[in-house]
Amino acid sequence: MHKRFEHQEIETKWQQQWRTDDIYKTTDNSEKPKAFVLDMFPYPSGEGLHVGHPKGYIATDIYSRYKRMTGYEVLHPMGWDAFGLPAENYAIKNKVHPRVAVEKNVARFKEQLEVLGFDYDWNREINTTDPAYYKWTQWIFIQLFKKGLAYESYEPINWCPGCQTGLANEDLEADGTCERCNSVVEKKPMRQWVLKIREYADRMLADLDTLEWPEHIKEAQRNWIGRSEGAEIDFKLSTGDTVTVFTTRPDTLFGATYMVLAPEHPIVTELIRGQTPNGVNLQNRGEVEEYAKEVANKKEMDRLDDTKEKTGVKLEGVTATNPANGEEIPVYIADYVLAGYGTGAIMAVPAHDERDFEFAKKFKIEIKRVLHGTLSESSAYELANQRNEEFDYSAEVDDKNFNLTKYRTSLEKTLNDKWDEDLESGAILGRVLGGSNNKTINPLPLLDNFILKNSNEFDGMSPKEAGKAIIEKVGGRMTATYKIKDWVFSRQRYWGEPIPIVHCEQCGAVPVPEEQLPVTLPEVENYEPAGDGQSPLSTIEEWVNTTCPKCSRAGRRETNTMPQWAGSSWYYLRYMDPKNSETLVSKENEKYWAPVDVYVGGDHAVRHLIYARFWHKFLYDIGVVSTIEPFQRLEFLGFILAEDGRKMSKRWGNVINPDDIVKLVGADTMRIYEMFMGPFENTIAWSQDGLVGARRFLERVNGLTEHITDTEPKETTVQLHKTIKKVSEDIEGFKFNTAVSAMMIFLNQAEKGGLTKESYLTFIKLIAPFAPHITEELWLETGGSSIHLTNFPVYSEALAKDELVTIGVQINGKMRGEITISPEATEEEAVETIMKNGSLADKITDHNIKKIIYVNGRIINIILT
RNA sequence: GCCUCGGUGGCGGAAUUGGUAGACGCGCACGACUCAAAAUCGUGUUCCGAAAGGGGUGAGGGUUCGAUUCCCUCCCGAGGCACCA
C-alpha cells in the first residue's frame with residue numbers, strides 16, 4: 001500500500017512554509033495583467049465560523065490560485081467589517097468593550113480561516129474600526145457634505161425601540177420590523193443625517209446593464225430603486241391653494257373625477273388649522289383632524305395591508321378643478337395615498353385604476369370612462385376564424401359574403417358594451433398599464449388597443465400621444481419618481497464612525513477639517529444606548545465640547561455615528577493601497593487594480609450592493625476612482641444548510657464547525673467537498689456522508705504514483721487534455737462542481753489505464769487550486785519551487801479528440817442501438833458499420849430508407865418508409 | 001398581484017445549449033480479501049418486466065427526423081417588490 005495521507009501533518013507544515021516564504025505577496029503596478037478577486041468581508045461575530053461561511057472563500061481561493069498560475073498578478077485580500085450593532089450588542093451582553101470583543105472575534109475568525117489554507121495576502125488586512133481606516137470613511141462623508149449630498153433632516157424616520165436607534169428603509173424587513181431584533185419599527189420625527197442616494201438613482205439603474213451580475217440581483221435592485229415615469233400636474237383648490245399630483249397616466253386626466261391627498265400632506269395640516277389663502281374653509285374640520293391623527297398613529301404594517309377596505313374622509317367645502325375640462329371635483333384624504341411617494345397627492349381616475357375604483361365605489365363617486373377599446377384587423381380576423389365560443393358572433397357574419405371591417409366594428413362595439421357592464425376589469429387593466437411593470441395581464445383580453453373618448457379634442461388619440469398633448473395643454477411636467485428613499489445615515493449608538501461635524505451657533509454644521517481626521521471614537525464608561533434617542537457619545541462633555549473650525553467659538557461635536565454599512569461601502573478600494581496615509585487610494589494603484597474583477601458573496605442584494613455603488617459613483621464624480629462601477633462581475637453564493645435542512649444555528653444545535661472537519665478529514669477534503677456539493681449558487685444541505693467521497697478522491701490521488709508507467713494508452717492522453725480544458729473553463733465560470741467531477745473521471749481512467757510521469761504531474765497541477773496542501777506535498781519530489789507558483793497546464797485541441805466514438809443509432813427516431821466509429825466518419829461509412837451489425841441490420845433490411853440524418857460524432861437517425 | 005430563478009433516480013446533481021437522459025459522487029445490493037468487522041478492491045444500481053419490450057426529466061398540448069433543452073397553457077417551490085398613483 002501507498003503512504004498514508006497524513007492530512008494534519010501536511011497541512012500544518014505547508015501553511016507555515018507558505019507564510020515563511022510569503023508566496024502570496026501581491027505586487028502593485030506589476031507588468032502582468034491583474035485580477036482583483038474579492039470576498040464580501042465578514043462581520044466577525046462572537047459565534048465564529050460554521051462550515052457554510054468559508055464556501056465563498058474557497059471559491060475565490062481556487063479562482064485566485066488559478067489566475068496566479070495563468071500569469072496574472074492577483075489581489076485576493078481579506079479584512080473585517082467590525083462596526084455595527086451585533087458587535088455592540090455582543091459587547092453589552094458580555095460586558096466587554098466592543099473593541100475588545102472585536103479583537104477577540106477577529107483573532108478567532110482569522111485562526112479559523114488560516115487552517116483552510118487560503119492564499120490571502122495578510123499584509124493587506126484591513127479593519128473598518130481601525131482609526132487609520134475610518135479616517136477615510138469620515139473623509140468621504142465630508143466630501144458628500146461639501147457637495148450638498150449629506151444633509152440634516154427632521155422628517156419622521158424609522159425608529160427601532162429595541163435597538164434604540166433610527167434605521168434606514170433598507171434596514172427593515174418586508175413586514176416593517178427591524179431586521180436585527182424584529183421589533184416593530186415606529187415612525188419618529190427626529191434630527192438625522194441623510195445622504196441623497198436618490199440623485200444617483202438613474203445612473204445606478206442605467207449602469208446595471210453594464211454589469212455581469214446574476215439577473216435576480218439586478219432585478220432586485222431595479223425593484224428597490226423603483227423608477228416610474230409620469231407627469232406632475234397642478235390642480236387648483238377652491239381654497240386658493242395649488243396641489244401638484246403625480247400620475248403615470250396623464251392620458252386619463254379627463255376621467256379624474258376626484259382628488260386624494262395623503263393625510264400628512266402639508267395642505268391638509270393647514271386646512272385643519274384654518275389657514276387658507278382666500279378664507280374658504282373646511283366644514284368638517286374635526287372629522288378630518290381625527291382621521292389624520294388615526295392614520296399617524298397607525299403602524300406602518302397595518303397601513304401597508306392592501307387587503308383591507310379603503311378608508312378616507314371627504315374634505316367638505318373644498319373642491320378642486322380638473323384642469324383638463326374645468327369641472328369641479330371633490331377632494332378626499334385617504335391613507336391609500338402615501339405621503340412619501342410622488343407628491344403625496346393623486347388625481348383619481350376610478351374607471352382606469354383599481355384602487356381608485358374601489359374607493360369611488362365605496363364613496364359613490366362618479367366613474368367616467370375615457371378609454372375606448374379597439375380591435376386590430378388581424379385579431380378580428382383570427383377571432384372570426386376561431387369562432388371563439390365565448391364571443392361567438394357567427395350569426396352576424398354572412399359566411400359567403402364575409403366583410404371583415406363590418407365584423408370588426410360589430411365585435412368592437414359588443415366588447416366595449418361588455419366593458420361598461422364590467423368597469424372593474426377596465427380599472428384593473430388601467431392600473432396594470434400604468435405601472436412600471438411592462439408585462440401585462442389583460443382582463444379584457446380581446447381588445448388589443450385603446451383610444452381616448454370623452455376627452456374633447458383628444459378623442460381618438462392613442463394614450464401615448466394624448467398623454468403628451470394633455471400635459472402640454474394643462475401645463476404639466478414630465479418627471480420620474482422613485483421608490484428608493486434617501487439614505488438615513490445617522491445612528492444613535494456608540495460603535496460606529498463618529499460623523500465628523502461640529503455644530504456651531506453662528507456657522508451651523510461645519511465639517512471637521514480634513515487634516516484633523518480621524519475624529520476618533522472616545523472611550524466611554526457606558527456604551528449602552530441612553531434611551532432618550534441620543535447617542536451615548538452625547539454624555540461625554542469633554543469630547544462633545546470643542547471649538548468651531550470656522551469661527552473658533554464654542555461648538556459641539558455631532559454625537560450620532562454612521563451606520564454599519566458605511567465602512568463596507570468603499571473597503572475594496574483600500575485593499576489597493578492599504579497603508580497609504582496621504583490619500584484614500586493612490587491614483588496609480590487605483591488605475592492598476594480597479595475595478596474588482598470578481599466579487600463573491602451572498603445576500604446583500606440591495607443594501608450593501610446599492611450603497612457601495614452609490615459611493616463609488618460619487619467617488620468617480622470627484623475624481624477618486626476611474627471606473628463607473630465598483631464590481632464588474634458578481635458571483636452569488638448559495639448557502640450551506642445543516643444536515644436537517646435547517647439553517648445552521650446555535651438555536652437548533654446543528655452547527656458544524658470547520659475546525660472539527662479540518663481535524664477529521666483535512667482542509668483539502670473540506671474544500672473539495674464544498675465545491676463538489678452542487679452548483680455554486682445553490683443552497684444545499686451539508687452531508688457528512690458526502691464528505692467521504694471527497695476524502696476518497698484525495699486518498700486515491702495520493703496513491704496515484706503506483707499507476708505511473710513509461711507509456712500511457714491514447715485514452716489517458718485524450719482524457720487528460722479534455723480534463724485540462726474542462727477544469728480551466730469551469731474555474732473561469734465558477735462551475736466548480738463539474739470541474740471536480742472532471743478530475744474524478746480522469747482519475748478513474750488513469751487508475752484503469754495507467755499514466756506517464758508527465759501526465760501525473762500535469763494532473764497534480766490541475767488539482768492544486770482545489771487542494772493546495774496535498775498537491776504541494778506530492779509536488780515536492782520534483783524538487784522545484786512551490787506548485788502554486790508554476791504555470792497552469794494548457795490543453796492541446798488536437799490531443800483532446802477521441803479516435804473512436806460510440807454514437808447512438810435511431811430508427812424512425814427510436815433509439816435502437818449504437819456503433820463505434822471515427823468521429824470524422826462519413827455518412828456512408830456510418831451506414832456501412834450499421835449494416836455489419838446483425839441486429840441493427842435486421843431492423844433495416846426489407847424496408848426502404850426514406851431519409852438519413854447523421855450528426856457527426858453524435859447520432860444517426862434512419863427514417864424508414 | 002407583478003418581477004426573477006427553479007422543478008431530472010433513494011439523495012446532491014450532469015447533459016457539449018436541439019442529438020445515446022441520469023456523467024461524477026453519496027447511498028444501497030452482491031462478490032473478493034478477513035476468524036470476523038472496518039477499511040480497500042470488483043460488479044451492479046431510472047421505473048415496470050423473468051425476458052423481449054415499454055414508460056420516463058412537475059402536468060397537458062405544440063414545433064421537429066429527434067425536445068430536459070424551443071413555443072403555448074397550467075401546477076408547485078425559492079427569492080425580490082408591493083395601496084408606489
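We name chains A, B, ... by the order of the sequence lines, and we start the count at 1 in each one.
Residue contacts for A:I863: at a heavy-atom cut-off of 4.0 Å it reaches the sugar-phosphate backbone alone, with no base atom in range. Note on A:I346: a base of the nucleic acid sits closer than 4.0 angstrom, heavy atoms only. Within 4.0 Å (heavy atoms only), A:P214 reaches no atom of the nucleic acid at all. Using a 4.0 Å heavy-atom criterion, one finds that A:K814 contacts the sugar-phosphate atoms exclusively. Using a 4.0 Å heavy-atom distance criterion, A:R816 is classed as a sugar-phosphate-only contact.
Taking the side chain of A:P679 as heavy atoms from C-beta on, and the options B:rC65, B:rA14, B:rA85, the nearest nucleotide is B:rA14. When the nucleotides B:rG13, B:rA85, B:rA15 are ranked by their closest atom to the side chain of A:K726, B:rA15 comes out on top.
In terms of phosphate contacts, A:K483 brings no side-chain nitrogen or oxygen within less than 4.0 Å of OP1 or OP2 of B:rG80. In terms of phosphate contacts, A:Y341 brings a side-chain nitrogen or oxygen within less than 4.0 Å of OP1 or OP2 of B:rA85.
Listed by chain and residue number, A:E712, A:P713, A:F746, A:Q749, A:L755 satisfy the side-chain contact (heavy atoms from CB on, under 4.5 Å) test with A:T716 (two or more places apart in sequence, or in another chain). Taking A:Q221 as the reference, A:L208, A:W213, A:L609, A:I610, A:R613 meet the side-chain contact (heavy atoms from CB on, under 4.5 Å) condition, with sequence neighbours excluded.
Residues A:N682 and A:T247 each lie close to RNA chain B; by heavy-atom proximity, the contact nearer the 5' end of the strand is made by A:N682.
Rounded to an integer number of Å, the gap from NE2 of A:H604 to P of B:rG80 is 13 Å. Rounded to whole Å, the distance from CD on A:E751 to P on B:rU40 is 12 Å.
In summary, the side chains of A:W487 and A:E170 do not present any donor paired with an acceptor at a separation below 3.5 Å, with no hydrogens or angles considered.
Within the structure, salt bridge (Lys or Arg N to Asp or Glu O under 4.0 Å) contacts touching residues 668-689 of chain A (residues at least two apart or in different chains) are A:D61-A:R671.
Using a 4.5 Å cut-off on side-chain heavy atoms (C-beta onward), A:F763 and A:M743 make contact.
Put simply, the side chain of A:K310 and the base of B:rC83 share a donor and an acceptor less than 3.5 Å apart. For B:rC65, the base has a donor-acceptor partner in the side chain of A:N861 [N/O atoms by modelled type, under 3.5 angstrom]. Between the side chain of A:R858 and the base of B:rU20, no donor-acceptor pair under 3.5 Å is found.
Secondary structure note: stems in RNA chain B built from 3 or more consecutive Watson-Crick or G-U wobble pairs under 3.5 Å occupy B:1-7 with B:75-81, B:10-12 with B:24-26, B:27-32 with B:40-45, B:46-48 with B:53-55, B:58-62 with B:70-74.
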Could you pull out all donor-acceptor pairs under 3.5 Å where a side-chain atom in residues 253-263 of chain A meets a protein atom, sequence neighbours excluded?
{"from": "A:T257", "atom 1": "OG1", "to": "A:E366", "atom 2": "O", "distance (Å)": "2.7"}
{"from": "A:Y258", "atom 1": "OH", "to": "A:Y336", "atom 2": "OH", "distance (Å)": "3.2"}
{"from": "A:Y258", "atom 1": "OH", "to": "A:D356", "atom 2": "O", "distance (Å)": "3.0"}

Interface polar pairs with nucleotides 21-29 of chain B, N/O, under 3.5 angstrom:
{"from": "B:rC26", "atom 1": "OP1", "to": "A:R696", "atom 2": "NH1", "distance (Å)": "2.5"}

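For A:F736 and A:F734, the ring centers are positioned less than 6.0 Å apart.
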